[in-house]
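Notes follow the structure.
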Amino acid sequence: MNSNDKIRIIPLGGVQEIGMNMTVIEYGNEVLVIDCGFMFPRYHMLGIDYVIPDTSYLKDKNVIGLILTHGHEDHIGAIPHFLRNFPDIPIYGSRLTIAFLTAKLNDYKNEYKDAKLYEVEPRNKIQLGMNFDIEFIRVNHSIPDGMGIAITTPLGVIIHTGDFKIDLNPTTDKFIDLYKFAEYGENGVLLMLADSTNCQKEGFSMSESVVQNNMTPLFAYEDGMIIVAVFASSIERIQDLVTAAKVNNKYVAFSGRSLIKFTKIAQDMGYLNLYDIVIPIDKINRYPREKIVCITTGTQGEPYSSLSLIAAEAHKHIKVEDGDMVIFSSSVIPGNEMAVTRMINNLFDLGAKMVGEDKKLLHVSGHASSEDLKLMYRLVKPKYFIPIHGEKRHLITHIKLVENLNGLDTKGFLLYNGDVLEIDETLLAKLAEPIEIRNIYVDGKGVGDLEESIFHDREQLSLNGVVVANVIAKKNKTGQYDIKVDLESKGFTYNGGEKEGLIHKTEQLREEGINSAMAAVKKLLDRNKRTPSTIKYEVREALRKKFMQIIGREPVIFVCLYMEHVYIENAETSEDNIDNINNEKIITENEEEIKCHTKKKKRIKKTAAKKKITQIKRTKSKKKKVVKES
C-alpha cells in the first residue's frame with residue numbers, strides 16, 4: 001500500500017438540497033461515482049428546467065464506474081449529461097433501475113446506443129478497478145429494486161444506504177436485507193453514508209401496506225370521478241391504486257407522459273399488474289364518470305404537469321366538475337409548497353373535493369425516520385458516518401441524532417457539496433481542502449451557460465415588468481430634429497384593462513413617460529450631444545425617475561434608438577473642409593457605436609483630427625507669410 005493512498009469522499013450534490021444526488025469515492029488514482037441525479041428548480045430559479053451536478057472535478061480523473069442505488073430522477077436524471085463527458089464509463093444498477101435509465105437514454109435517439117449498462121441483483125458482487133469490491137444490498141423504498149451498497153476498499157468497508165426505510169410489512173415479499181447490513185457491522189465498517197430526509201420525524205416510517213388498506217374503501221366513492229396524484233416512478237403505490245380500483249369495479253386512466261412510460265415498463269417487466277382495467281385517457285368520456293379513476297402526475301405543482309393543466313382547465317381530456325375527488329398520494333418536496341398550494345386552491349375553485357393526509361393516511365414516506373436510522377446504526381456500527389440526501393437542517397439533525405446514541409462510538413462529519421473527507425492509512429478521518437463546484441443549470445438546450453446573476457434579472461422582470469422605449473429622431477427641412485417616442489410595456493402598465501379608470505391611468509402614465517423621454521432627448525440635442533449611448537442612458541434615467549415619481553415602481557427599461565443623422569468627428573480633413581470638421585453623415589446607430597464604442601478610440605480620433613487641423617493651420621500661415629513678404 002502506498003502511504004499516499006487515501007480514501008476521499010466528495011459529495012457533488014444531494015447534501016444541502018433535496019435532489020441532485022451524486023457522491024465521489026476515491027482511492028489512489030481510481031474514482032467510483034454513486035448516483036447521478038438532477039434537482040427540480042427552486043422557487044428563485046426562474047425559467048430553469050432542472051439543475052445537475054458539476055462534474056468538472058472528474059474531468060481528468062480515472063473514473064472506473066457509476067453505481068446507481070435506484071431509479072428515481074434525483075438519482076439517475078443527470079446521467080445523459082454525465083455520459084456526454086464520460087461516454088465509456090460502465091453503469092451498474094438493479095433491473096428496474098437500468099430499465100428506467102434505458103428508457104430515458106432512448107429519448108435522445110441514438111446518442112447513447114453504446115452506453116455500457118449492466119444489471120445486478122441484491123447480494124451480487126462485482127470488482128471495479130484494483131481497489132473496489134462491491135456488494136449490493138436490498139432496501140425498501142418508494143420504488144422497487146432499491147439497493148444499498150457495500151464497498152470494500154484497502155482501508156476498510158464503506159456502506160452507502162441509498163434511500164431506504166425499514167418496512168416490516170411491505171406490499172411485496174421483498175424485505176430489506178437487515179441480515180447483510182448486520183453481517184458487515186459484525187465484521188467492521190469504516191464509514192457509512194446514510195439517508196437524512198426524514199431524520200426529524202419520530203418513530204418508524206409507516207409501511208406501504210397502510211396506504212393500500214386506506215385507499216380501497218376510499219375508492220368506493222360514487223359522486224364523481226376520482227383523480228389521484230402520484231410520483232410517476234412510485235410503482236408500488238400505483239399498484240395499490242390499481243388494486244383499489246379493481247376491488248371497487250372501476251376503470252383506470254393514466255395521464256402524464258412519464259407515468260405512461262414508467263407503468264408500461266413496470267408492467268412489461270412483471271412489477272405491475274393492471275388487471276386489464278386500464279383505458280386510454282382520451283376515451284374516459286365513454287364511461288360513467290363515477291367509474292373512472294384517473295392516476296396523474298403533478299404532485300409538486302410542476303407548471304406543465306398533468307395535474308397543473310387540470311387545475312388550470314387546460315387539460316385536453318380531463319375537466320374537473322363539482323363532486324370530483326382529488327387525492328394527493330404524495331408528500332411535498334421542500335421548496336415546492338407555494339406551487340402546490342396554488343394548484344390546490346385552483347382545484348377547490350373548480351368544485352373538487354380534496355382529500356389528503358389531513359383526513360386519510362394516503363401516503364407514506366419511502367425514507368427512514370429517526371427510529372429506522374437508529375436501528376441501522378446499531379446494526380452497522382460504523383467508525384465514521386456522513387449524513388447525505390437532505391437539506392442542511394436534515395444533515396445537522398442527523399449528526400445530533402446519531403452522536404446522542406448511548407454506547408455507539410461513531411463520529412459524524414457534516415459535509416456540504418464540494419467538501420472533502422479524507423481517511424488515511426492510520427484510519428484517521430479529517431476534512432481536507434474543499435473543491436470548487438457550482439450548480440449547472442439546464443435551460444432549454446443550454447447547459448451550464450447561465451450564472452446565478454441571471455435569476456436577479458429574471459426576478460426584476462417578474463416583479464416590475466418591462467418597458468421598451470422606441471426613440472426616433474429625424475432632421476427636418478429647417479435643420480432641427482423631429483423627435484418621436486413610443487412606449488411599449490409588459491407586466492408594468494395596465495395594458496388590456498377594461499375598466500375606464502385603469503385605461504385613463506395607463507394613458508396618463510404613458511404620456512408622462514413619453515414627455516419626459518422627449519425632453520431628455522431634446523436637451524441633449526440642443527447641447528450638441530448626440531452619442532447614442534449617452535442618449536439611451538438619459539432616456540432610461542428620465543423614464544426611471546418619472547415612473548418612480550408617479551407610481552413608485554421601477555420597471556426594467558430598454559431603449560431602442562434610431563437617428564437619421566448623427567454627427568461624428570471626421571479625421572480625413574483637408575484644407576477645403578477645415579471649417580466643417582464635424583461633417584454630417586447618414587449612418588446607423590450600430591455603425592456609429594462600432595466606430596466610437598470606447599473612450600480610447602474617441603481620444604485617438606480627436607487627437608488625430610487636432611493634429612491634422614494644426615498641420616493645416618501651419619501650412620496656411622506659411623502661405624500667407626510668403627504672400628505678404630512677396
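Scope of the values below: all heavy atoms of this structure, side chains included, with no hydrogens, waters or symmetry mates.
Scanning both residues, Y112 and H81, for their nearest heavy atoms gives OH-N, 4.3 Å. Summarising the geometry of V539 relative to A517, their closest heavy-atom pair is CG1-CB, 4.0 Å, with the distance given to 0.1 Å. Between E538 and A520, the shortest heavy-atom distance links the atoms O-CB, 4.0 Å. Nearest heavy atom pair, residue I437 against residue G418, reads CD1-N, 3.5 Å. The two residues S329 and V230 have their closest heavy-atom pair at CB-CG1, 3.9 Å. What you find for G351 and D322 is that their closest heavy atoms are CA-OD1, 3.2 Å.
The OH atom of Y537 sits 14.5 Å away from the OG1 atom of T531 when rounded to the nearest 0.5 Å. Here NZ of K316 is found 14.0 Å from CD1 of I310. Values are rounded to the nearest 0.5 Å. In this structure, the separation between OG1 on T296 and CG on L307 is 5.5 Å, given to the nearest 0.5 Å. Taking OG from S306 and CD1 from I295, the interatomic distance works out to 11.5 Å, rounded to the nearest 0.5 Å. How far CD1 of I535 is from CG of L525: 5.5 Å, rounded to the nearest 0.5 Å. Rounding to the nearest 0.5 angstrom, the gap separating the CE atom in M20 from the CZ atom in F40 is 13.5 Å.
Contact of the C294 side chain with the I281 side chain is registered, since non-hydrogen atoms from C-beta on lie closer than 4.5 Å. Counting only heavy atoms from C-beta outward, the side chains of I399 and F413 never approach each other to under 4.5 Å. A 4.5 Å side-chain heavy-atom check between N470 and Y562 finds every atom pair outside the cut-off. Using a 4.5 Å cut-off on side-chain heavy atoms (C-beta onward), L347 and M354 make contact. A heavy-atom distance below 4.5 Å is not found between the side chains of I10 and T23. Considering only heavy atoms from C-beta on, V355 comes within 4.5 Å of M325 through its side chain. Between I143 and S234, every side-chain heavy-atom pair lies at or beyond the 4.5 Å cut-off. Within the 4.5 Å cutoff, side-chain heavy atoms of I79 are placed close to those of L83.
E73 has a carboxylate O that lies under 4.0 Å from a charged side-chain N of K104, or vice versa, which qualifies the two as a salt bridge. A salt bridge links E111 with R84; the closest basic N to acidic carboxylate O contact falls under 4.0 Å. Taking a cutoff of 4.0 Å between a charged side-chain nitrogen and a carboxylate oxygen, D107 and K261 qualify as a salt bridge.
Paired with N21 under the rule side chain to side chain donor-acceptor pair (under 3.5 Å), one option of D35, D163, D74 passes, and it is D74.
Neither side chain, S196 nor H394, offers a donor N or O lying under 3.5 Å from an acceptor on the other. Side-chain contact check for S255 and H317: no donor-acceptor pair (N or O, by modelled atom type) lies under 3.5 Å. Between the side chains of E17 and N417, a donor-acceptor pair is found at a separation under 3.5 Å.
Within the 3.5 Å criterion, the main-chain N or O of R438 finds a donor-acceptor partner in the side chain of D54. Although no hydrogens or angles enter the test, the distance criterion places no donor-acceptor pair under 3.5 Å between the side chain of Y50 and the main chain of V442. Under a 3.5 Å cut-off, the side chain of T397 and the backbone N or O of R393 do form a donor-acceptor pair. In terms of modelled atom types and a separation under 3.5 Å, the side chain of D324 and the main chain of V320 share no donor-acceptor contact. Checked by atom type and distance alone, the side chain of D195 pairs as donor or acceptor with a backbone atom of T197 at under 3.5 Å. For the pair N515 (side chain) and E512 (backbone), a donor-acceptor distance under 3.5 Å is absent.
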Yes or no on side chain to side chain contact (heavy atoms under 4.5 Å, CB included) for V471 and C560, after CA distance, side-chain angles and deciding distance? CA-CA 6 Å; V471 181; C560 298; over 6 Å; no
When you look at V467 and F558, which way does the side chain to side chain contact (heavy atoms under 4.5 Å, CB included) test go after all the steps? CA-CA 6 Å; V467 170; F558 295 98; over 6 Å; no
Derivation of the side chain to side chain contact (heavy atoms under 4.5 Å, CB included) call for I227 and M225: CA-CA 7 Å; I227 301 172; M225 179 170 61; 4.0 Å; yes
Please test H75 against H389 for ring-ring contact (aromatic ring centres under 6.0 Å, His included), starting from the C-alpha separation and ending with a verdict. CA-CA 10 Å; H75 293 260; H389 199 294; 5.4 Å; yes
I'd like to know whether L12 forms a side chain to side chain contact (heavy atoms under 4.5 Å, CB included) with L58, so could you lay out the CA-CA distance, the side-chain angles of the two residues, the decisive distance to 0.1 Å, and finally the verdict. CA-CA 10 Å; L12 299 183; L58 302 175; 4.3 Å; yes
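Counted within 6.0 Å of NZ on K522, heavy atoms from surrounding residues, nucleotides or ligands total 12 or fewer; the atom is thus considered open.
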